[in-house]
Colleague: 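Below are the structure tokens for one structure; questions will follow.
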Protein chains: 2
Amino acid sequence: MEQMHVIQSLAALAQPIRLDAFRALVVAGQAGLTPGRMAGTLGVPANTLSFHLKELAHAGLVTQERVSRNIVYRANFEQVNALLGYLTENCCAGAPCAVNPCAVNPPDTACAC
Amino acid sequence: MEQMHVIQSLAALAQPIRLDAFRALVVAGQAGLTPGRMAGTLGVPANTLSFHLKELAHAGLVTQERVSRNIVYRANFEQVNALLGYLTENCCAGAPCAVNPCAVNPPDTACAC
DNA sequence: CCATTGATTCCAGAATAATGGAACTATGGT
DNA sequence: ACCATAGTTCCATTATTCTGGAATCAATGG
């Protein structure tokens with residue numbers, strides 16, 4: 001995952017409406033949610049929500065699938081995991097440290113915690 | 001960790017200079033780095049870097065300690081872990097899912113993965 | 001106490017992001 | 001073909017963030 005893409009993902013999540021929407025999708029899991037539903041529960045105008053969902057989709061954090069009249073949005077968990085891993089890559093130059101001992105990082109990164 | 005603070009942390013990381021600086025601090029670990037060093041390696045004017053470091057500090061992602069003429073910045077790992085946990089809280093409403101099986105979440109959150 | 005080095009603050013211009021009204025597209029029902 | 005519903009795109013306004021020159025503050029050495 002390269003720098004630019006990470007920035008884009010972080011920026012996508014760094015906005016109240018988008019963070020709420022994303023977290024709702026995380027909770028919804030495989031079932032996903034439609035914009036209509038989200039607009040209702042989050043109390044956001046449809047066009048504004050659409051704008052923000054596009055940001056999330058563009059960052060690859062959510063996927064869209066049309067189902068008849070509706071469009072179902074789902075959180076993209078792989079993308080989130082990749083993002084989390086990036087932040088602690090090579091932490092402490094390999095020395096034992098305070099980062100989550102259960103290793104967000106894949107084994108090939110230098111972090112030994 | 002509340003919503004507003006999470007937004008602030010994500011926004012702090014969603015900027016190229018700040019993400020570079022933060023990752024450098026993550027790698028540096030307990031030793032930390034001074035603004036002077038970072039300005040050199042990152043190729044950023046001192047005042048601009050200072051502005052960005054303040055953003056990171058304000059979000060609680062880094063700490064500062066004065067050591068004689070220098071100020072040593074260090075990454076705050078606890079804060080990062082809290083941030084990562086927030087993103088996948090209650091994922092999939094408790095159903096088994098694709099989120100990191102090694103559980104970024106503390107045990108009391110519903111995610112069973 | 002003055003000079004030097006390391007770092008921050010002040011400021012104003014430039015760039016980027018967020019908002020919501022109105023118009024548009026797509027699907028399905030009658 | 002027509003209408004209703006679900007979502008998206010367009011656009012202009014507003015608000016926020018980024019940048020770097022100049023001035024300032026803090027600590028040390030002569």
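Sequence lines set the chain letters: A, B, ... in the order given, protein chains first and strands last, and positions in each chain run from 1.
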Colleague: Are A:I7 and A:L19 connected in the hydrophobic side-chain network, where two residues link if heavy atoms are under 4.5 Å apart?
Modeller: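 Looking at the clustering, A:L19 is in the same group as A:I7.
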Colleague: Considering residues at least two apart in sequence or located in another chain, which fulfil the side chain to side chain contact (heavy atoms under 4.5 Å, CB included) criterion with B:L33?
Modeller: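 Checked B:L33 against side chain to side chain contact (heavy atoms under 4.5 Å, CB included); matches are B:A24, B:L25, B:A28, B:R37, B:M38.
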Colleague: When rounded to the nearest 0.5 angstrom, what is the spacing between CG in A:L83 and CG in A:N76?
Modeller: 11.0 Å
Colleague: Checking contacts here: which listed nucleotide (C:dA18, C:dG20, C:dG28) is nearest the side-chain heavy atoms of A:F51?
Modeller: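 Among C:dA18, C:dG20, C:dG28, the one nearest the side chain of A:F51 is C:dA18.
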Colleague: Can you check each nucleotide of nucleotides 2-7 of chain C against protein heavy atoms at under 4.0 Å and return B for base, S for sugar-phosphate only, - for none, in 5' to 3' order?
Modeller: --BBSS
Colleague: Let me know, please, whether A:R18 or B:Q64 comes out on the 5' side of the other along DNA chain C by nearest nucleotide.
Modeller: B:Q64
Colleague: Which residue pairs satisfy the side chain to side chain donor-acceptor pair (under 3.5 Å) criterion with at least one member in residues 42-54 of chain B, sequence neighbours excluded?
Modeller: B:R18-B:H52
Colleague: Is A:F77 close to B:C91 at the side-chain level, that is, under 4.5 Å between some pair of heavy atoms?
Modeller: yes
Colleague: Looking at every strand, decide which applies to A:I17 at a 4.0 Å heavy-atom threshold: base, sugar-phosphate, or nothing.
Modeller: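 Sugar-phosphate, backbone atoms only, no base.
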Colleague: Can A:V44 be reached from A:F22 by stepping across I, L, V, M, F, W or Y side chains whose heavy atoms are under 4.5 Å apart?
Modeller: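 Yes.
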Colleague: Take the protein atom NE2 of B:H52 and the nucleotide atom P of C:dT8, then report the distance between them rounded to whole Å.
Modeller: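 It is 13 Å, rounded to the nearest whole Å.
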Colleague: Write out all pairs satisfying side chain to side chain donor-acceptor pair (under 3.5 Å) with one or both partners inside residues 58-70 of chain B, taking only residues at least two apart or from two chains.
Modeller: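 Only B:Q8-B:H58, B:Q64-B:Y73, B:E65-B:R74 qualify under side chain to side chain donor-acceptor pair (under 3.5 Å).
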Colleague: Counting only side-chain N and O atoms of A:T48, is one of them less than 4.0 Å from OP1 or OP2 of C:dT19?
Modeller: no
Colleague: Just the rounded figure in Å: distance from P of C:dG20 to CG of A:L42.
Modeller: 13 Å
Colleague: Counting only heavy atoms and a strict 4.0 angstrom limit, can you tell me which residues of residues 2-12 of chain B come near DNA chain C?
Modeller: none
Colleague: Same cluster or not: A:V27 versus B:L87, using hydrophobic residues (I, L, V, M, F, W, Y) connected whenever any side-chain heavy atoms lie under 4.5 Å apart?
Modeller: no
Colleague: Give the first and the last nucleotide of DNA chain D, reading 5' to 3', that has any atom under 4.0 Å from a heavy atom of chain A.
Modeller: D:dA4 to D:dT9
Colleague: Same cluster or not: B:L53 versus B:V72, using hydrophobic residues (I, L, V, M, F, W, Y) connected whenever any side-chain heavy atoms lie under 4.5 Å apart?
Modeller: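 In one cluster: no.
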Colleague: Applying a strict under-4.5 Å side-chain criterion to I, L, V, M, F, W and Y, I'd like to know whether B:L42 and B:L56 cluster together.
Modeller: yes
Colleague: Give, for atom CZ of B:F51 and atom CD of B:Q15, the distance between the pair rounded to the nearest 0.5 Å.
Modeller: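 Reported to 0.5 Å precision, the distance equals 8.0 Å.
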Colleague: Is the phosphate of C:dT19 approached by A:Q15 (side-chain N or O, under 4.0 Å from OP1 or OP2)?
Modeller: yes
